[in-house]
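Structure first, commentary second.
Quick note: numbers below take in every heavy atom, side chains included, and nothing from hydrogens, waters or symmetry partners. Chain naming here is simple, since letters A, B, ... match the order of the sequence lines and numbering starts at 1 in each.
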Amino acid sequence: MSEDHELGATEAELIKARRAKLDALRSSGRDPFALTRFDRSHEARDLHEKFGALQPGEHASGTLVRAAGRMGTVRAMGKKAVFSDVSDQSGRIQIYFRADALGDEFRLVDTLDRGDLVGVEGEPFVTKTGELTIAVKAFTVLAKSLRQLPEKWHGLTDHETRYRQRYVDLIVNRPVLETMLLRSKLIAATRHYLDERGFVEVETPVLLSIAGGANARPFVTHSNALDISLQLRIATELNLKRCIVGGIEKVYELGRIFRNEGIDRTHNPEFTMLELYQAYGDVNTMMDLSEDWIVHLAGVARVRGEHTFAGETFQLERPFARIAYLDAMAKWGGLERADILDEQRARAVAQRLKLSLEAGAGHAHVIDKIFEAVVEPQLLNPTFVTDFPLVLSPLAKRRRDDAELVERFELFIAHMEIVNAFSELNDPDDQRTRFEAQAAQRARGDQEAPEPDWDYVHALEYGMPPTGGLGSGIDRLVMLLSGESSVRDVLLFPLQRPE
RNA sequence: GCGUCGUUAGCUCAAUGGUAGAGCAGCAGACUCUUAAUCUGUUGGUUGUGGGUUCAAGUCCCUCACGACGCACCA
C-alpha cells in the first residue's frame with residue numbers, strides 16, 4: 001500500500017488505483033469476476049416496506065436479509081465503522097460495516113469503491129437518525145467498478161455524455177431510470193389494455209418497397225438478395241388495414257416507425273407508434289377508446305387531475321373538450337369556412353398571418369400552418385378537434401352531410417398532437433382518385449407527396465368493412481406523462497452523430 | 001439546412017492577451033450512527049481539432065468536429 005500515494009488523479013491513475021484493489025481481492029481468493037450468482041432475499045423497496053416501521057435504534061434481531069446493488073458514497077468513520085448504500089432497480093438501502101461485527105472481513109472494506117456492485121448479508125435496523133440500514137455481517141464484491149462515476153452532488157449533466165453513455169446516466173441520475181421504467185410500464189399497460197379488449201397485436205414489415213400511409217420522407221436501404229432498393233416504414237397504416245380486409249377485426253401494432261426528417265426536442269428519426277383498427281367501428285368509437293385509454297395510462301403514471309408539462313398546468317379529466325376544426329379556426333382566428341377550404345383565400349390568410357411557407361407548399365400545408373399558428377396555442381387541456389378538412393386527410397371517410405370534411409379527429413394535450421383518428425376510407429374508387437391526385441402532385445415535383453400504394457386500392461376492392469382507426473405517438477405520450485420536454489429524455493439511446 | 005451559444009482535471013465549474021485554478025472524486029492520515037459526513041495533507045492538465053495574429057493565446061481571428069437551444073421540415 002505504500003506505493004499508493006504515488007497514484008495521482010489522471011484517468012489512467014484512477015483506474016490503476018481500482019485495479020490495485022481488484023488485485024487485492026483476487027489475492028485474498030475473492031475474485032469478483034469469478035462469481036456467477038448472488039441470491040437476494042429482498043430488493044431495496046421490499047426492505048423498506050417490510051422493515052420501515054422499526055423505531056430508531058431498533059434491530060430486527062435474528063433476521064438476516066440479503067441485498068445486492070451498486071455502492072453509493074462511502075462514509076467512513078475511522079478504521080472501524082463505514083456507512084454506504086446499495087442501489088438496485090427498485091431503490092436504495094443504506095448499509096453499515098462495523099469492525100466488531102465483521103472481524104477480519106472488515107479490512108476488505110478498504111477494497112470497496114463507490115460504483116462497485118456488492119452483495120451484502122445482514123440484519124436490518126434503523127439508525128438513530130431514522131434511516132433503515134442493513135448491519136452487514138458478510139459481504140461480497142460481485143463486480144469491481146474500474147471507472148470512476150461522476151461526482152455525487154452535481155452528477156452528470158453534460159447532455160452529450162448522458163446520451164452517448166446512457167449507462168452512466170442511468171446509474172447516477174435516478175430520475176432517468178424512473179422515466180425509462182415508466183415508459184416500459186406505459187407500453188406494457190397499453191398492450192394489456194388492448195389485449196383485454198380483444199385487439200390482436202400483429203407485426204408488419206419494416207422493410208417495404210413503397211413506404212406509405214403518411215406524409216414523410218423515408219429512409220432508403222437495399223436488399224442484396226433481391227437487388228432492389230427498400231424503404232423503412234413511415235407508418236403501419238396500410239398493412240394494418242390489409243389485415244382488416246383479411247378479417248382480423250380488431251388489430252394493432254405497437255412498433256418502431258422511421259422518418260428521415262429533422263431532429264429536435266420533439267422529433268427523433270425513429271419513434272414508437274401505436275396504430276389500431278377496429279372493424280365495424282368509426283371515428284366515435286375511436287374517440288371513446290382514446291379518452292378511456294389515455295386516462296387509464298395517466299392512472300398508471302399516477303397522473304390525476306392537475307398536471308404540469310413544460311411550465312403549464314392542465315386538467316387531465318374526463319370528458320375531454322371537443323371542438324370542430326372549422327369552429328376552432330373561427331373561434332380563435334376569426335376565420336370563415338372559405339378562408340380555409342378555398343385555396344386562394346387560405347394563402348391570403350397565411351400571408352396576412354406572416355406564416356413562412358415553402359415554395360411548393362400545397363393547400364393542405366397552408367391550412368396546417370394556419371391551424372398551428374391559430375389553434376394549437378389554445379389547446380392546453382385535452383381537446384378533441386373534429387371534422388377535419390378532406391384536403392388534409394387522404395385516407396379518411398367523408399362526412400355524409402359535408403363532402404369537404406371528413407370523419408376525423410386529433411386529440412391535443414398541452415399543445416401536442418397525441419392521437420389522430422378517423423373513419424377509414426373504404427371506397428376503393430374514392431381512394432384511387434385521392435391517390436391519383438397525390439401522384440399528380442408528385443409528378444409536379446412535390447417531394448413530400450407520397451408515392452401511391454396501388455395494391456392498397458386493390459385490397460379495398462375486395463371490400464373492407466367500415467372501420468375506425470387511430471394512431472398515437474408513444475414517445476410524446478411518455479413525454480407528457482413523465483413531464484420530460486425533450487424526446488431524447490424518454491428514449492434510452494437517442495440518435496447521436498458518431499463522435 | 002440556417003442562426004445563437006457551448007466544449008478547460010474523472011465530474012461540476014472558474015480564470016483583463018501575461019506562471020491554468022477551485023469544489024467533489026482519488027491517494028495518505030484522524031474519527032465506531034454517517035448520509036453533499038467532517039477535519040488535515042496531497043496528487044492530478046496536449047484548455048475539442050487544425051491553422052493564424054502576437055514578444056506572449058484557455059482568452060483574439062479563421063477552419064473543422066461534436067453538442068444544446070431556436071428556426072425550417074415533420075409527429
Side-chain angles (χ1 to χ4, degrees), chain A residues 1-18 20-21 56-57 72-85 92 94-102 106 110 113-115 125-131 133 135 146-165 168 172 214-217 234-235 257-273 355-358 361 365 368-369 372 410 412 416-420 447-448 471-477 479 485-488 494 496-499:
Chain A
M1 292 300 250
S2 63
E3 291 171 14
D4 283 357
H5 72 276
E6 291 173 10
L7 286 176
T10 61
E11 189 168 22
E13 288 169 322
L14 292 169
I15 290 170
K16 202 170 160 192
R18 287 180 174 230
K21 294 178 184 176
T73 56
V74 177
R75 306 178 290 278
M77 320 303 301
K79 286 270 180 274
K80 292 175 179 168
V82 174
F83 282 90
S84 185
D85 49 77
R92 193 195 85 116
Q94 181 163 258
I95 56 177
Y96 181 38
F97 301 92
R98 260 178 91 109
D100 52 14
L102 282 161
F106 189 81
D110 273 345
D113 284 300
R114 174 164 175 262
F125 76 105
V126 170
T127 63
K128 69 184 183 191
T129 52
E131 178 160 357
T133 303
L146 297 177
R147 289 183 183 274
Q148 182 170 262
L149 289 172
E151 191 217 325
K152 63 198 172 194
W153 185 238
H154 299 91
L156 180 66
T157 61
D158 180 71
H159 285 95
E160 189 170 350
T161 312
R162 287 186 48 220
Y163 299 143
R164 289 192 198 281
Q165 299 182 40
V168 179
V172 300
N215 258 7
R217 283 209 290 272
I234 57 175
I257 297 293
F258 308 84
R259 297 190 180 175
N260 203 348
E261 283 160 356
I263 301 176
D264 64 24
R265 232 183 60 247
T266 54
H267 299 84
N268 193 65
E270 50 180 302
F271 61 102
T272 300
M273 177 113 110
L355 303 178
S356 64
L357 292 171
E358 299 242 307
H365 188 79
D368 238 3
K369 280 300 204 184
E372 200 177 293
E410 286 190 357
F412 285 84
M416 286 195 293
E417 180 201 328
I418 298 294
V419 177
N420 176 24
Q447 289 293 309
E448 309 289 315
S472 180
I474 296 299
D475 308 86
R476 290 193 179 169
L477 199 49
M479 285 168 66
S485 56
S486 171
V487 71
R488 296 182 198 99
Q496 297 282 106
R497 199 182 282 277
E499 279 178 292

Quiz item: Touch check for A:Arg164, heavy atoms < 4.0 angstrom, all strands: base, sugar-phosphate only, or nothing?
Solution: sugar-phosphate
Quiz item: Base, sugar-phosphate, or nothing for A:Arg147, non-hydrogen atoms under 4.0 angstrom?
Solution: nothing
Exercise. Check every strand shown and say whether A:Phe271 touches a base, only sugar-phosphate, or nothing at a heavy-atom separation below 4.0 Å.
Key: base
Practice problem: Please name all residues satisfying ring pair (Phe, Tyr, Trp, His ring centres under 6.0 Å) with A:Phe258, sequence neighbours left out, ordered by chain then number. | Solution: none
Quiz item: What class does the angle between the rings of A:Tyr96 and A:Phe125 fall in, given that below 30° is parallel, 30 to 60° is tilted and above 60° is perpendicular?
Solution: tilted
Quiz item: What integer distance in Å separates A:Arg217:CZ from B:C73:C1'?
Solution: 7 Å
Exercise. Look at all strands and tell whether A:Glu417 reaches a base, only sugar-phosphate, or nothing, counting heavy atoms closer than 4.0 Å.
Key: sugar-phosphate
Practice problem: Using heavy atoms to find the nearest nucleotide of RNA chain B for A:Asp368 and A:Asp158 separately, return the residue whose nucleotide is more 5′. | Solution: A:Asp158
Exercise. Please determine, for the side chain of A:Asp264, which listed nucleotide (B:A68, B:A72, B:A75) has the closest atom?
Key: B:A72
Quiz item: A:Pro56 versus A:Thr129: any side-chain heavy-atom pair under 4.5 Å?
Solution: no
Practice problem: Give A:Leu156 one of three labels, base, sugar-phosphate or nothing, depending on what nucleic acid heavy atoms sit under 4.0 Å from its own. | Solution: sugar-phosphate
Quiz item: Does the side chain of A:Val168 reach to within under 4.5 Å of the side chain of A:Thr161, using non-hydrogen atoms?
Solution: no
Exercise. Scan every strand shown for a Watson-Crick or G-U wobble partner of B:G70, both distances under 3.5 Å, and answer none if you come up empty.
Key: B:C2
Quiz item: With a non-hydrogen cut-off below 4.0 angstrom, is A:Asn260 in contact with a base, only sugar-phosphate, or nothing?
Solution: nothing
Practice problem: In whole angstrom, give the distance that lies between atom CD of A:Glu160 and atom P of B:U7. | Solution: 13 Å
Quiz prompt | Heavy-atom protein contacts under 4.0 Å, nucleotides 31-40 of chain B, coded B base, S sugar-phosphate only, - none | solution = BBBBBBB---
